[in-house]
Amino acid sequence: QVQLVESGGDSVQVGGSLRLTCAASGYTYSRYCMGWFRQAPGKERERVAAIDYEDRTSYTDPVKGRFTISQDSSKKTLYLQMNSLRPEDTAMYYCALGACTVVASRPPPSAVEYHYWGQGTQVTISS
């Protein structure tokens with residue numbers, strides 16, 4: 001049974017930093033992608049960043065230069081380092097796992113590419 005468990009969400013002030021973690025277990029993909037998504041109240045879920053089995057990464061424009069996605073594949077753990085946080089970064093953040101690849105010059109894979117999702121961790125940025 002595949003499980004994804006996010007942690008690290010918190011309430012911080014504008015300009016602060018947070019590191020989100022997603023612990024994955026139970027999957028056997030050799031070629032996989034993992035991604036971070038977020039959803040703010042009243043808004044649709046949106047892509048944030050993705051990484052694949054060869055450490056190729058991709059980001060959406062709102063987070064480029066501020067967020068960094070990484071993984072420890074030996075521990076099946078995904079990370080999202082978030083710096084220079086803004087009020088518009090406030091959202092529930094979800095990690096996801098799929099059998100896709102990432103192209104650095106293109107946006108991260110969309111939600112339909114992912115098969116498994118975590119329950120989310122809340123990030124709140126206050127001014």
Side-chain angles (χ1 to χ4, degrees):
Q1 181 180 358
V2 176
Q3 283 193 316
L4 302 175
V5 180
E6 303 95 334
S7 61
D10 204 346
S11 180
V12 299
Q13 291 191 326
V14 169
S17 298
L18 282 174
R19 189 193 199 200
L20 305 184
T21 298
C22 174
S25 62
Y27 72 90
T28 58
Y29 294 142
S30 57
R31 300 188 176 200
Y32 63 88
C33 59
M34 294 193 76
W36 288 100
F37 288 74
R38 66 186 182 186
Q39 187 167 19
K43 295 188 176 181
E44 294 187 355
R45 181 176 52 189
E46 62 176 358
R47 294 175 272 188
V48 175
I51 189 168
D52 72 9
Y53 61 98
E54 291 194 346
D55 282 335
R56 291 176 287 227
T57 60
S58 177
Y59 300 87
T60 54
D61 287 344
V63 306
K64 279 180 182 177
R66 300 188 299 122
F67 291 11
T68 302
I69 189 170
S70 62
Q71 64 180 333
D72 184 336
S73 53
S74 66
K75 296 181 180 179
K76 294 187 174 180
T77 302
L78 179 71
Y79 304 100
L80 185 68
Q81 177 66 43
M82 305 188 296
N83 299 326
S84 302
L85 285 162
R86 304 167 179 169
E88 54 265 36
D89 295 320
T90 295
M92 184 72 78
Y93 283 71
Y94 300 90
C95 70
L97 169 70
C100 48
T101 58
V102 173
V103 179
S105 61
R106 301 185 68 179
S110 64
V112 297
E113 301 283 349
Y114 296 90
H115 305 146
Y116 301 99
W117 294 82
Q119 294 299 307
T121 186
Q122 178 67 39
V123 172
T124 303
I125 311 304
S126 57
S127 56

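The shown structure was predicted, so the numbers you read here are calculated from the model rather than taken from an experiment.
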Spacing of OH belonging to Tyr93 relative to OG1 belonging to Thr121, to within rounding of 0.5 Å: 10.5 Å
Say you draw a straight line from OH of Tyr116 to CD of Gln3; how long is it, rounded to the nearest 0.5 Å? 12.0 Å
Taking [X] for the side chain and [Y] for the main chain, is one N or O donor matched with an acceptor at less than 3.5 Å?
X	Y	value
Ser58	Arg106	yes
Thr90	Glu88	no
Thr60	Val48	yes

When you compare the side chain of [Y] with that of [X], does any pair of heavy atoms fall below 4.5 Å?
X	Y	result
Gln39	Phe37	no
Ile51	Leu78	yes
Lys76	Tyr27	yes
Gln13	Ser127	no
Val102	Pro109	yes
Arg66	Arg86	yes

Might you point out which heavy atoms bring [X] and [Y] nearest each other, and give the distance in Å?
X	Y	answer
Gln122	Ala91	NE2-O, 3.4 Å
Ala24	Leu4	CB-CD2, 3.4 Å
Ile69	Thr57	CG2-CG2, 3.7 Å
Met92	Gly120	SD-C, 3.7 Å
Ser30	Tyr53	O-CB, 3.6 Å

Between [X] and [Y], is there shared hydrophobic-cluster membership here, with clusters defined by ILVMFWY side-chain heavy atoms closer than 4.5 Å?
X	Y	result
Tyr79	Val123	no
Leu20	Ile125	yes
Met34	Tyr94	no

Would you kindly check if the NZ (Lys) or CZ (Arg) of Arg45 is within the cone defined by 45 degrees around the ring axis of Trp117 and under 6.0 Å from the six-membered ring centre? yes
State, without any angle test, whether Asn83 and Ser17 hold a side-chain donor-acceptor pair at a distance under 3.5 Å. yes
Under 3.5 Å, is there a donor on one side chain and an acceptor on the other for Gln71 and Tyr32? yes
If a pair satisfies disulfide (SG to SG under 2.5 Å) and one of its residues is in residues 91-127, list it, with sequence neighbours excluded.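 Sorted pair list: Cys22-Cys95, Cys33-Cys100.
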Is the distance between the ring centroids of Tyr59 and Phe67 under 6.0 Å?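 Judged by ring-centre distance (under 6.0 Å), Phe67 and Tyr59 do not meet the cut-off.
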Report the C-alpha distance between Val2 and Leu97 in whole Å, list the side-chain angles of each, state the deciding distance to 0.1 Å, and finish with yes or no for side chain to side chain contact (heavy atoms under 4.5 Å, CB included). CA-CA 9 Å; Val2 176; Leu97 169 70; 3.9 Å; yes
Set out, in order, the CA-CA distance, both residues' side-chain angles and the distance that settles side chain to side chain contact (heavy atoms under 4.5 Å, CB included) for Leu85 and Val14, then state yes or no. CA-CA 5 Å; Leu85 285 162; Val14 169; over 6 Å; no
N-O pairing of Lys64 and Asp61 below 4.0 Å: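 Yes.
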Does any pair with a residue in residues 2-31 pass salt bridge (Lys or Arg N to Asp or Glu O under 4.0 Å), and if so which ones, sequence neighbours excluded? none
